[in-house]
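Throughout, protein chains are lettered first and strands after them, A, B, ... in sequence-line order, and every chain is numbered starting at 1. What you see is a predicted model; the values in this text were computed from it and never measured.
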There are 2 protein chains.
Amino acid sequence: MVTIYDVAKLAGVSAATVSRVVNGRSSVDAGLAARVQQAMAELDYRPNAVARNLRRQKTSIWAVIISDIGNPFFTSLVRGVEDVGQAAGYSVVLCNSDEDPAKEARYVAAALAEQMAGVIISSTGKAANLSRLVDAGTPVVAIDREVRAAAVDTVLVDNAHGADLATSHLAEQGYRRIACITGPRRLPTAQRRLQGYRAALTAYRLEPDDNLVRYGDYREEGGYQAMASILDSGAAPDAVFAANNLMTVGALECLVDRGITVPAQMGVVGFDDIPWAHLVRPSLSTVVQPTYELGRTAALLLVERIAEPTRPLSTVTLRTELKIRDSSAPREQRFR
Amino acid sequence: MVTIYDVAKLAGVSAATVSRVVNGRSSVDAGLAARVQQAMAELDYRPNAVARNLRRQKTSIWAVIISDIGNPFFTSLVRGVEDVGQAAGYSVVLCNSDEDPAKEARYVAAALAEQMAGVIISSTGKAANLSRLVDAGTPVVAIDREVRAAAVDTVLVDNAHGADLATSHLAEQGYRRIACITGPRRLPTAQRRLQGYRAALTAYRLEPDDNLVRYGDYREEGGYQAMASILDSGAAPDAVFAANNLMTVGALECLVDRGITVPAQMGVVGFDDIPWAHLVRPSLSTVVQPTYELGRTAALLLVERIAEPTRPLSTVTLRTELKIRDSSAPREQRFR
DNA sequence: CTGTTAGCGCTTTCAA
DNA sequence: TTGAAAGCGCTAACAG
């Protein structure tokens with residue numbers, strides 16, 4: 001390995017001068033700088049980031065800990081983070097907790113041990129993991145999922161409002177027995193979306209019925225099972241609001257398997273878009289989240305938090321939007 | 001920050017002893033070890049990985065550099081890598097090069113600077129990036145895309161064979177003017193898949209026609225444009241083989257926009273599955289890759305390479321499989 | 001503007 | 001089995 005001393009020796013200067021040239025912080029005589037540059041090129045010198053990190057007590061890497069790499073929701077979110085992070089001079093690495101608090105804990109430990117410059121995390125719900133970061137003084141931004149027990153900057157979408165939009169839309173289209181498949185009880189997003197659903201029922205004077213509500217796992221399989229369970233319960237829904245993208249897919253699969261046509265026999269609206277929603281037949285109505293913006297905003301907050309660790313906490317809530325496609329066509333269609 | 005010396009002082013031993021307890025390599029008197037353990041717990045000591053890395057000249061992190069985090073192909077591949085990596089004691093972080101050689105170069109530089117223990121990479125095609133890793137002695141495994149100019153372990157699928165399967169299948173179904181949308185010229189996977197396509201045409205005595213072939217960018221948009229270009233060229237295809245999942249989606253969109261029905265007016269087979277391929281209407285016939293196995297195999301190779309840096313290079317080729325769904329129904333259907 | 005020097009926190013010889 | 005001491009490669013006071 002070529003060290004800074006090798007370069008210094010070849011250029012006939014001290015290691016400190018090489019360091020100055022490399023980091024461009026302090027000014028160096030142009031002639032010396034040129035010699036150093038040449039020596040670096042000649043030796044193909046690459047600064048050892050580990051040594052630098054040790055000395056500086058921090059890295060220039062951000063960790064983005066996401067809860068499910070298989071969920072396309074995170075894809076453009078990550079792009080948003082990357083674009084801001086790269087521009088600010090950070091490398092962004094992704095860690096996949098897979099909705100597993102233990103795996104999340106491992107990545108949090110790694111982020112801590114490796115002295116990551118900052119962490120953006122979509123929490124599995126275990127606040128302790130987040131607190132560990134905060135306590136260690138690592139700049140953190142929570143994304144998508146608020147964590148009440150930890151004091152961190154947060155970027156959310158208006159979950160309740162989005163769910164309300166979706167459910168209200170179904171009500172307006174003439175559906176009367178609207179089911180809801182929400183996420184795990186422990187997750188605030190799941191709770192909020194359920195709240196929004198209930199608010200819409202109330203607004204439209206539709207009777208709430210617990211038989212129409214299920215808690216899924218935010219996975220395809222869970223959506224399938226929840227849908228099956230609702231159908232089997234005899235609750236006789238005529239529409240369903242599924243609180244995330246993968247569960248919507250699962251629910252649709254169940255409907256296909258049972259020979260229930262959408263939207264003629266069952267209206268469907270999902271929360272969070274899926275790629276190719278328009279290719280799925282019928283095309284899927286969904287509550288669209290500004291995923292790229294979500295990532296961008298989180299990254300911006302992180303940059304600010306790093307620059308000013310004591311600034312007051314902030315929570316940014318982004319708007320969702322209802323994208324109406326075919327799966328929630330007016331109920332009346334059935335009778336045409 | 002709590003250091004090893006704080007622990008040593010509290011436990012009344014030397015830092016070396018604490019280190020021994022932490023790493024469990026060398027044996028330590030049980031009584032002392034217990035005292036050290038207690039001191040660590042009391043102080044909530046967390047070893048500083050950066051310092052350890054500097055001293056040991058390597059980390060326990062793997063970087064997986066993928067070319068497009070938006071492509072679901074990489075999702076389960078990453079899971080395969082993670083499962084093996086975690087079991088072997090490594091943390092796995094993901095880097096998204098976004099098909100951009102410059103971005104890739106940045107992540108390669110980061111992996112090098114951070115002394116990553118190993119790298120698994122789906123190359124953008126710029127061999128120099130890979131060579132840099134190899135030259136620095138970093139254990140590397142190339143995945144999905146072979147890199148001829150660099151000497152690395154490689155895990156591939158039988159691209160030519162898969163493309164041949166897909167094209168032959170279309171031919172057997174009665175399609176006669178089969179178009180091909182392959183990937184970027186620079187990528188070996190694109191070349192191989194095109195080869196497979198051509199081989200099938202030959203086998204079925206179908207006349208090759210360059211108007212039926214396009215080089216896309218492996219993105220949705222590129223698939224759309226390639227499809228449009230083929231249609232506009234007057235080449236009059238009756239089927240299309242698209243060489244990756246996202247381009248298949250793009251091609252389908254184009255067909256939808258033009259009011260061309262699948263498979264009645266156009267048979268379609270894609271390479272590489274997409275999630276919800278069965279929900280898309282018509283459901284998509286695709287060449288399925290063993291993505292999880294691909295990741296697993298790469299990780300296994302990496303483990304071996306790390307253990308034995310001088311072992312001979314190996315290339316593992318995994319089988320693809322044709323999944324026949326509705327988009328490639330027999331041509332005769334049209335006349336029924 | 002430049003060089004000297006002292007560590008960052010840890011592991012690992014080497015002696016005891 | 002344990003401790004002392006050196007040093008991984010770099011940066012940042014501090015002097016000059």
> Without decimals, in angstroms, what is the distance between B/Leu32 CG and D/dG3 P?
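Value for this atom pair: 7 Å.
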> Does a nitrogen or oxygen in the side chain of B/Gln57 sit under 4.0 Å from OP1 or OP2 of D/dG9?
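Yes, such a contact exists.
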> If you check the A/Arg56 side chain, which of D/dT2, D/dT11, D/dT1 turns out closest?
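Given the options D/dT2, D/dT11, D/dT1, the side chain of A/Arg56 is closest to D/dT11.
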> Looking for any heavy atom pair under 4.0 Å, which part of the strands does B/Val50 touch: base, sugar-phosphate only, or nothing?
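Nothing: the residue B/Val50, judged by heavy atoms under 4.0 Å, touches no strand.
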> Would you check if there is a donor-acceptor pair between the side chains of B/Asp83 and B/Tyr292 at a distance under 3.5 Å?
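Indeed, the side chains of B/Tyr292 and B/Asp83 share at least one donor-acceptor pair under 3.5 Å.
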> Would you kindly give the CE-to-C1' distance between B/Met40 and C/dC10, to the nearest whole Å?
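Computing the B/Met40:CE to C/dC10:C1' distance gives 14 Å.
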> Could you state the CG-P distance from A/Asn53 to D/dC8, rounded to the nearest angstrom?
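Taking atom P of D/dC8 as the reference, CG of A/Asn53 is at 18 Å.
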> What's the closest nucleotide to the side chain of A/Ala16 if the choices are D/dG3, C/dT4, C/dG9?
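Between D/dG3, C/dT4, C/dG9, the one nearest the side chain of A/Ala16 would be C/dT4.
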> Look at the side chain of A/Pro47 and decide which nucleotide, out of D/dC10, C/dG9, D/dG3, has an atom nearest to it.
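Per side-chain heavy atoms of A/Pro47, the pick is D/dC10.
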> Check the phosphate of D/dC10 against A/Ser19, side-chain N and O only, distance under 4.0 Å to OP1 or OP2. Yes or no?
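Answer is no, no contact under 4.0 Å.
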> How long is the line joining CD1 of B/Ile4 and C1' of D/dA4, in whole Å?
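That distance rounds to 14 Å.
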> For the side chain of B/Arg25, starting at C-beta, report the closest nucleotide among C/dC10, C/dG3, C/dT12.
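Closest of the options to the side chain of B/Arg25: C/dT12.
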> By nearest atom, which of the nucleotides C/dC10, D/dG9, C/dT4 is closest to the B/Asn48 side chain?
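For B/Asn48, the side-chain atoms sit closest to C/dC10.
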> Name the one of B/Leu300, B/Leu77, B/Leu294, B/Leu302 that satisfies side chain to side chain contact (heavy atoms under 4.5 Å, CB included) with B/Val155?
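Per the side chain to side chain contact (heavy atoms under 4.5 Å, CB included) rule, the option paired with B/Val155 is B/Leu294, out of B/Leu300, B/Leu77, B/Leu294, B/Leu302.
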> Pick base, sugar-phosphate or nothing for A/Asn23, based on heavy-atom distances below 4.0 Å to the nucleic acid.
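A/Asn23: backbone/sugar contact only, no base atoms under 4.0 Å.
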> Strictly below 4.0 Å: does B/Tyr45 bring a side-chain N or O up to OP1 or OP2 of C/dC10?
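For C/dC10, OP1 or OP2 has a side-chain N or O of B/Tyr45 closer than 4.0 Å.
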> What integer distance in Å separates A/Asp6:CG from D/dC8:P?
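My rounded result for the distance is 11 Å.
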> Of the candidate nucleotides D/dC10, D/dT2, C/dG3, which contains the atom at the shortest distance from the side chain of B/Val28?
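In terms of side-chain proximity for B/Val28, the closest of D/dC10, D/dT2, C/dG3 is D/dT2.
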> Are B/Ser14 and D/dT2 close enough that a side-chain N or O sits under 4.0 Å from OP1 or OP2?
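The answer is no; no side-chain N or O of B/Ser14 sits under 4.0 Å from OP1 or OP2.
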> If I compare all heavy atoms of B/Pro101 with all of B/Thr124, which pair ends up nearest, and what's the gap?
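That would be CA-OG1, 3.6 Å.
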> Between C1' on C/dT12 and CZ on B/Arg52, what's the gap in Å once rounded to a whole number?
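From B/Arg52 CZ to C/dT12 C1': 13 Å.
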> Would you mind telling me which of D/dT11, C/dC14, C/dG9 lies closest to the side-chain atoms of B/Arg20?
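Ranking D/dT11, C/dC14, C/dG9 by closest atom to the B/Arg20 side chain puts C/dC14 first.
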> Under 3.5 Å, is there a donor-acceptor pair between the A/Asn53 and A/Gln115 side chains?
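Short answer, no.
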> Out of C/dT2, C/dA6, C/dG9, which nucleotide sits closest to the side chain of A/Arg55?
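Looking only at heavy atoms from C-beta outward on A/Arg55, the closest nucleotide is C/dA6.
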> Counting heavy atoms from C-beta on, name the nucleotide in D/dA6, C/dT12, D/dT2 closest to the side chain of B/Tyr5.
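Per side-chain heavy atoms of B/Tyr5, the pick is D/dA6.
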